[in-house]
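Shown next, in structure tokens, is the structure this report addresses.
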Amino acid sequence: MEYNFREIEAKWQKFWADNQTFKAENTSDKPKFYVLDMFPYPSGAGLHVGHPLGYIASDIYARYKRHKGFNVMHPQGYDSFGLPAEQYAIQTGQHPAITTEANIATYRKQLDKIGFSFDWSREVRTSDPNYYKWTQWIFIQLFESYYCNEANQARAISELIQIFETEGNSKINAACDEDTAVFSAEDWKNYSEEEQQKILLKYRLTFLSETEVNWCPALGTVLANDEIVNGVSERGGHTVVRKKMKQWSMRITAYAQRLLDGLDKIDWPQPLKDAQTYWIGRSEGAMVSFKVADFDAEIEVFTTRPDTIYGVSFMTLAPEHELVSKITTPQQKEAVEAYVKATAKRSELDRMADVKTISGIFTGAYALHPFTGEKVQIWIGDYVLASYGTGAVMAVPCGDERDYAFAKHFNIEIPNIFEGVDISNEACSTKEGIKIANSDFLNGLTYKKAMKRIIYEIEQKGIGYGKINYRLRDAVFSRQRYWGEPFPVYYKNGLPQMISKKYLPIVLPEVEKYLPTEDGKPPLGNATVWAWDTVKNEVVSIDLINGETIFPLELNTMPGWAGSSQYFNRYMDANNNEEMFSKEAINYWQDVDLYIGGSEHATGHLLYSRFWQKFMFDRGFVPTDEYAKKLINQGMITGTSAFVYRVEGENKFVSKGLKSNFKVQPIHSDVSFVNASDELDIEAFKNWREEYKEAEFILEDGKYIVGREVEKMSKSKYNVVNPDEICEEYGADSLRLFEMFLGPLEQSKPWKTSGISGVYSFLKKLWKLYIVNGEFSVSDDAPTKDELKTLHKTIKKVEEDIANFSFNTSVSTFMIAVNELTALKCNKRAILEPLAIIIEPYAPHIAEELWHKLGHTSSVATEDFPIFEAQHLVESSKEYPVSFNGKMRFKLELPLDMSKEDIEKTVLAHQKTQDQLQGRTPKKVIIVPGKIINIVG
RNA sequence: GCAGAAGUGGUGGAAUUGGUAGACACGCUGGACUUAAAAUCCAGUGGACAGUAAUGUCCGUGCGGGUUCAAGUCCCGCCUUCUGUACCA
């Protein structure tokens, strides 16, 4: 009776599906446990062995928790809106929905082969109108809300309107646009409906604004900062330029502090928290106004070092700063305009490429130092960013590296305001332990004291105030793409109007072409049926737009992160058509207990989703303001590429060991042509490409050995391994065990298919324990002490490992257990039955088969985990390592209850001890009972 | 530049609070079975040196110091690799 994994795995996969074994109920007497994976984007390439790593880990955890008596939800779905399907549509005309559907089918087939305990009845797809209806709904909620800084929470916009009506906006402390004017209740009432809407838009959590965006002409779309890598688009590597556009934005900055504070409450990896902290970039400082000499204007700056204000010797404005054109003197006008024009033209790529190049121009104007009254030059420089702070800096060359370099380059004075610090070669940006000098009332003060004092003085003088600034920017929410969620928005006189919830979803319209229109409108500009009829409440032809009852709909779509920002809550009640989720469902499931996914989402999805969760919490839709208690980042699985060496200029390949004798060029070979011993299947390689058909091979010891190198798994490197092939050849249980056995979950590690034979033969050995004379059979005899010891040692270790997410070591533990039981010739039910349960999370198919063969009729998945009993591990003696000066020399078996004194006597009397000491008297004998003996001397 | 993670045999990796470095595998070597291969099973496998052998000695966790009876583990200073980020005032 052989271990026939093909038959076994197909059988139990069908059984689980037919019996809905892993369907989670929304009510249960058991405690809940929610295990979540980051849902995949279904790409055309399908899954490679790196993708399921996190799913296998989460599945082990989910299955383990079921054994421990939890009502476990482990859902899966697809993040199915996205650029690749759209790019494919542009090239081929194939509708993205069709490609996406086909890709999902492939993914599902691949996932099903691995035996995950997913509850597919809760599947979500972000591109499904029944799903994105709720994404649209959340958008409306954000539009209908503002952020109250007093209460520190989002509130209904209707509350804000009430305040406006009774007292205007002067007393309101709410997150809003910088340019919001102050008005009274009287003013408000006199404003037209349109004016009122414009003001409200400055407060809404999602709002329209003229934003400087990363425009990618080649893709015809706006990209988020995290979609740009090294100044070019992440996809395609196209040039990105800065451009002003009217865009929807999300007021995530209102949540900056709470997003920081919340990190303390959640058990997420420290590197990920650090990345978010840095991204949010909180800095404490002050706003200070500088008067412009001979002009009725002020330059407001943000600085983290107001204590160095006496070191200011010039000011720098961003080229885009609104004052530039006003204050520039006639003599400098031409030069300044040329400079501004030149920087605007420079793409982000250019700017990145020469960060070190210093450029700038003097405006001819001067500012007045607020304390000394001295005149300081006002410059323009592109090292100052328009989008951070106020777009202007007070330059303190002695205390800031960039200001220093700028001053040196343009020969501007560098006054020193630090006591006893030499600044002739570099600026001094150290804060601690340095006293301020040449600074009037700040003289002799250290950083902290000087900060307090100067902020006080600035506030007293009325020229500024202490302020906390964040690097985080409001998130642009519009994309000029087709394959994304349409906004539930139409425009009346250019002002956005929300479509009522009962008419959702607003379904993506059909278009002829997926490219932007000729006049530069987004792809939805190609749609002919894309206007909103406010009488019939339906989408109608654009020809009917009359500006009275029928209006144009929004042409942008939502970004990739929209659909993924609340999907974890939708899983709780995925088939609800009335609400995003019922109160009962959200109150039962609450939040995610374990979330597993890649760290590449640190400052994208994982930040935006936290933001939306906090918003949902504020508005009373969800019970917690952090949605995932624990998060684990699985590491990447890299590929082990194979190289053949072609002799330069010839169609001849030389084996790795001989390549130093030739001038060779390494070429990637497909890894499937290479065996465990790095030997190339020459015939397969020859048949791979026409050009290799006639190639010659120079062998070593009759073999062609390839070179190997670890690289990212990618098609172009021919090192991609498909999980289907592994399942076909070794089975899903082997794949699952091997992926875990590769190394620590969070670490990046290389895939080498040859290693899988280890876990495969382990499964065969496991199987054999249950077989006697070729037949399935177990004995009902009482287990021996040694057998029980092995079992309980294994239970203990595996439970500890799962708690630590150390899945690689539990696979070792299983191997040790099976090796020991094989050596003991153990065939007892009392051992083998619990063994099947503890191995089930890792290798569920073989466990299920063994379990049923043992005579059970229900799934092993819901059996209780065996209870660890410490008594089986109690030892009466210990084999002590005996060390001399810390070096282990021999071992000595001694009873565990032996006293320290007796141990010392016994050890010193031992012949081997005498041999080691060679007559010397030991200076000291250290005995740690149960651990070690160390003799010093 | 900044932030983070990591450096252990030929390879992946193990060593939970400082206490026997190299578990468990892969690969390799030798053997059994076989016409042969695969599969399976058995033995060996960090390096150097000595010994016919059992065995013994020395060196070994990126490098240099330190703490300790004892360091892969703790402290100080470096080096290298990977990941993220990029003029944030």
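In what follows, chains are A, B, ... by sequence order, proteins preceding strands, each numbered from 1.
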Do the side-chain N or O atoms of Arg889(A) get closer than 4.0 angstrom to the phosphate oxygens (OP1, OP2) of C58(B)? yes
Taking syn as any angle within 90 degrees of 0 and anti as the rest, which one fits G60(B)? anti
With heavy atoms under 4.0 Å as the rule, sort [X] into base, sugar-phosphate or nothing.
X: Ser757(A); result: sugar-phosphate
X: Ile926(A); result: base
X: Asn808(A); result: sugar-phosphate
X: Val928(A); result: base

Considering every strand shown, what is the Watson-Crick or G-U wobble mate of [N] when both distances are under 3.5 Å?
N: G51(B); answer: none
N: A36(B); answer: none
N: A71(B); answer: none
N: U61(B); answer: none

Whole-Å C1' distance, G10(B) and C63(B): 23 Å
Check whether the side chain of Arg473(A) and the base of C88(B) form a donor-acceptor pair under 3.5 Å. yes
Closest listed nucleotide, where the reference is the side chain of Pro271(A) and the choices are G19(B), A5(B), A89(B): A5(B)
Side-chain contact check for Pro744(A): nearest option of C87(B), U57(B), A14(B) is A14(B)
Between Phe314(A) and Phe406(A), is the gap from one ring center to the other below 6.0 Å? yes
Could you state the atom-to-atom distance from CG of Asp801(A) to P of A15(B) in whole Å? 8 Å
Residue among Phe762(A), Trp767(A), Tyr730(A) satisfying ring-ring contact (aromatic ring centres under 6.0 Å, His included) with Tyr3(A): Trp767(A)
Go through the steps to decide whether Arg282(A) and Glu284(A) satisfy the test salt bridge (Lys or Arg N to Asp or Glu O under 4.0 Å), and finish with yes or no. CA-CA 7 Å; Arg282(A) 177 191 156 107; Glu284(A) 287 176 38; 2.8 Å; yes
